[in-house]
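Every chain is numbered from 1, with letters handed out A, B, ... down the list of sequences. Heavy atoms only: backbone and side chains are in, while hydrogens, waters and symmetry mates are out.
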Number of protein chains: 2
Amino acid sequence: MKDREGRGSELKQAIRPIKMSTITDVAEEAGVSRATVSRVLSGSDAPIRPATREKVLAVVAKLGFRPNAVARSLSGKRTFTVGVLVSDIGNPFYAEVIKGVEDAGLPEGYNLFLGNTNFDLDRGTTLIHSLIDRRVDGVIILFSRTSQEWLTTLAGHNIPVTVVDRDPSIPPLESVSINVDFRPGIRAAVEHLVGLGHRRFAHVSGPLDLQTSRRRRDMFMEELAAHGIKPGQIQCEEGDFHIEGGREAARRIFDNNKTWPTAIFAANDLMALGVMGEARARDLRVPQDLSVIGLDDIWPAAHSTPPLTTVAMPRYKIGFQAMSRLMKQLKEAKPGRKTPQEISLATQLVIRESTAPPRR
Amino acid sequence: MKDREGRGSELKQAIRPIKMSTITDVAEEAGVSRATVSRVLSGSDAPIRPATREKVLAVVAKLGFRPNAVARSLSGKRTFTVGVLVSDIGNPFYAEVIKGVEDAGLPEGYNLFLGNTNFDLDRGTTLIHSLIDRRVDGVIILFSRTSQEWLTTLAGHNIPVTVVDRDPSIPPLESVSINVDFRPGIRAAVEHLVGLGHRRFAHVSGPLDLQTSRRRRDMFMEELAAHGIKPGQIQCEEGDFHIEGGREAARRIFDNNKTWPTAIFAANDLMALGVMGEARARDLRVPQDLSVIGLDDIWPAAHSTPPLTTVAMPRYKIGFQAMSRLMKQLKEAKPGRKTPQEISLATQLVIRESTAPPRR
DNA sequence: CTGAAAGCGCTTACAG
DNA sequence: CTGAAAGCGCTTACAG
């Protein structure tokens with residue numbers, strides 16, 4: 001069997017230190033100036049005589065020359081790096097967004113600095129500063145609880161920022177704003193539930209100081225209202241976007257209510273998973289006794305028991321667009337403030353097995 | 001309510017471009033040379049007169065000066081960056097390792113370049129090269145299927161590498177090797193299962209061209225042998241470390257065997273989840289009809305239905321140690337090959353609800 | 001204890 | 001079409 005870990009003869013080959021060649025080496029070997037080498041390599045718009053270009057390229061290939069990105073960054077005023085800030089890489093949602101970011105950036109030569117704030121504001125501040133010190137070309141911030149101060153600092157340093165799912169009513173300190181249109185997904189979810197025959201609902205929201213939490217909740221209410229169900233009839237419990245918070249909210253719903261809801265909509269999948277966990281602990285069967293809908297469509301949602309019906313976020317696309325738009329900004333006129341961009345990405349209902357007609 | 005997203009008066013404050021001061025500005029303002037400023041800021045061992053130091057520090061504070069990390073990298077021959085390569089950030093296992101890496105590195109001023117290979121060898125090669133171009137101080141490779149070529153290339157460039165859970169029989173091209181001691185966890189798992197009364201076992205392995213897959217499997221066999229259960233009695237199916245692969249392996253186990261096993265040990269949690277999914281699809285109840293044990297202890301394992309009993313990897317610690325040891329190497333004598341290091345981290349059984357005495 | 005100078009490896013006006 | 005020169009913002013021997 002071929003061992004992919006590579007045990008074979010290749011080991012014999014001695015590890016000989018590679019003599020890192022510089023642009024000067026190439027220039028000398030090719031008999032041109034360093035400026036010329038730089039120009040053919042950096043895709044400058046300066047015209048180069050084909051013969052010269054070929055000669056340089058040949059030497060580059062022969063020497064295996066690769067420009068030192070650090071030097072290039074210092075003189076070129078661009079690092080081709082972007083900082084990505086997340087609150088928790090453990091959340092598969094962010095992981096998938098990051099994949100999109102990387103896929104968009106890699107072909108253009110961008111590398112990513114990863115920063116995990118762990119929900120810690122000070123840590124976030126530290127990370128922001130280190131990113132500025134490293135002269136990243138841009139920053140992508142992937143969570144709603146973004147300190148206004150960070151944005152101001154970044155803007156002050158003229159570093160474009162992309163934010164996702166953030167209050168649009170806040171003046172755009174950021175250069176790119178990726179909005180999520182929850183409407184289609186939530187509308188479909190409500191129609192699905194109402195069509196199944198549900199009339200008694202509860203909602204587990206995210207932290208209500210976050211605009212996105214309020215938006216998800218209000219939209220759910222509005223869509224229900226369209227079917228004659230008044231906000232007053234809907235029990236809302238505040239969660240924290242984590243499993244445990246969802247579970248606790250579910251406890252409160254199950255405990256305090258005489259008339260149990262037949263369907264619960266949680267503002268994200270993690271909390272929906274928590275709700276299902278609590279239901280199970282109480283021998284409530286999902287979906288027979290209780291329908292549950294989440295939001296995000298992280299992979300564990302598809303593999304929970306039962307598989308979770310959920311309002312899917314375009315996770316990968318969010319990341320890909322976040323990076324694409326950011327790079328577009330970076331290509332624009334260098335000086336001065338960039339003109340802010342804004343795009344909206346739609347959600348979509350994914351029906352799995354956590355929803356069914358209510359018992360009675 | 002205080003809106004953490006920050007809508008308040010702070011918005012009024014105009015975003016004024018910050019005049020990035022350089023070391024020259026500081027030097028002039030403080031009336032010293034740039035060399036002196038550099039020395040007080042970079043913690044050089046050169047002695048500085050306290051008065052001078054204070055004066056410099058005062059100006060630094062006043063100007064809000066922060067050294068340009070790019071320039072510092074170019075002249076200092078160190079970037080204080082490390083590349084982290086994972087095959088799939090979507091896997092919470094890697095996410096937690098990365099947290100450990102970041103936590104160890106941040107206090108020392110290290111930032112992380114993230115590289116997601118997506119199981120794509122060519123992409124991995126591209127990433128490795130970009131990391132070299134960026135002159136990372138070190139690289140941490142977080143998966144078993146590591147191309148020998150990458151290691152050779154990195155070694156040739158004199159870039160220390162930390163690898164995790166990799167065949168120790170391979171000559172240490174890497175500088176730091178984090179080994180995982182599966183023994184205690186797997187032994188406890190077997191004792192747990194045997195103690196429960198199980199006698200018929202199956203194993204879902206990882207890809208068998210990976211040494212770590214063989215190691216996990218063999219250790220499981222060995223421990224069972226200690227309880228009088230011969231390898232011949234254990235049905236082994238090869239998986240791929242993913243949910244679907246686990247599910248397919250489970251299908252084969254359930255289909256092809258007259259005598260169904262009462263307990264299945266999967267070489268990682270993802271596959272264990274797949275096994276449970278398939279069991280559920282066949283109305284086999286876990287743990288009543290079938291006990292399942294995984295390995296890793298990613299967070300979804302604690303929240304599956306039922307919660308998964310698993311051999312826990314010291315995920316965070318792996319990352320923390322990987323980075324700590326790497327940094328230790330970096331502090332060592334600059335020139336020449338570093339003396340390879342090797343450490344071993346133990347696994348541990350976490351008993352949850354996917355295991356119980358067999359029916360008959 | 002501190003400064004002048006060279007240098008890290010590129011890019012980019014500025015000439016020609 | 002190409003080169004000489006200055007410069008990006010630091011660090012580090014080398015002197016003193």
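If you check every strand for non-hydrogen atoms under 4.0 Å, V32(B) touches sugar and phosphate atoms only. Counting non-hydrogen atoms under 4.0 angstrom, S42(A) reaches the backbone sugars and phosphates but no base. When heavy atoms are screened at a 4.0 angstrom cut-off, P47(B) is found touching base atoms of the nucleic acid. Contact annotation for L74(B): base contact, defined as any heavy-atom pair under 4.0 Å involving a base atom.
When the P atom of dG7(D) is taken as reference, atom CZ of R34(A) falls 14 Å away, rounded to whole Å. In this structure, CD of E28(A) is placed 13 Å from P of dG3(D), rounded to the nearest angstrom. Between the CD1 atom of I48(B) and the C1' atom of dT2(C) there is a distance of 8 Å, given to the nearest Å. In this structure, CE of M20(A) is placed 15 Å from P of dC8(C), rounded to the nearest angstrom. Distance E54(A) CD to dC1(D) P: 13 Å, rounded to the nearest Å. Between K55(B) atom NZ and dC1(C) atom C1' there is a gap of 12 Å when expressed in whole angstrom units. When the C1' atom of dT12(D) is taken as reference, atom CD1 of I23(B) falls 12 Å away, rounded to whole Å. Following rounding to the nearest Å, D45(A) (CG) and dC1(D) (P) show an atom-to-atom distance of 13 Å.
Considering only heavy atoms from C-beta on, Y110(B) stays 4.5 Å or farther from L326(B) through its side chain. Side-chain contact check for T52(A) versus V40(A): every heavy-atom pair is 4.5 Å or farther apart. Using a 4.5 Å cut-off on side-chain heavy atoms (C-beta onward), N116(B) and V86(B) make contact.
Checked against dG3(D), dC1(D), dT2(C), the side chain of R49(B) finds its nearest nucleotide in dT2(C). The listed nucleotides are dG3(C), dG9(D), dT11(C); the one nearest the side chain of S33(B) is dG3(C). Comparing atom distances between the T52(A) side chain and each of dC10(C), dC1(D), dT2(C) picks out dC1(D) as nearest.
Rounded to the nearest 0.5 angstrom, N111(B) CG and T79(B) OG1 are separated by 9.5 Å.
Nearest-nucleotide positions on DNA chain C for S38(A) and K77(B) put K77(B) closer to the 5' end. DNA chain C is contacted by both T24(A) and R39(A); T24(A) maps to the nucleotide lying nearer its 5′ end (nearest heavy atom per residue).
Under 4.0 angstrom from either OP1 or OP2 of dC10(C) there lies no side-chain N or O belonging to S75(A). For T36(B) and dG3(C), the shortest distance from a side-chain N or O to OP1 or OP2 is below 4.0 Å.
Taking a 6.0 Å sphere around NZ of K55(B), one finds it holds more than 12 heavy atoms contributed by other residues, nucleotides or ligands.
Nucleotide dA4(D): unpaired (no Watson-Crick or G-U wobble partner with both distances less than 3.5 Å).
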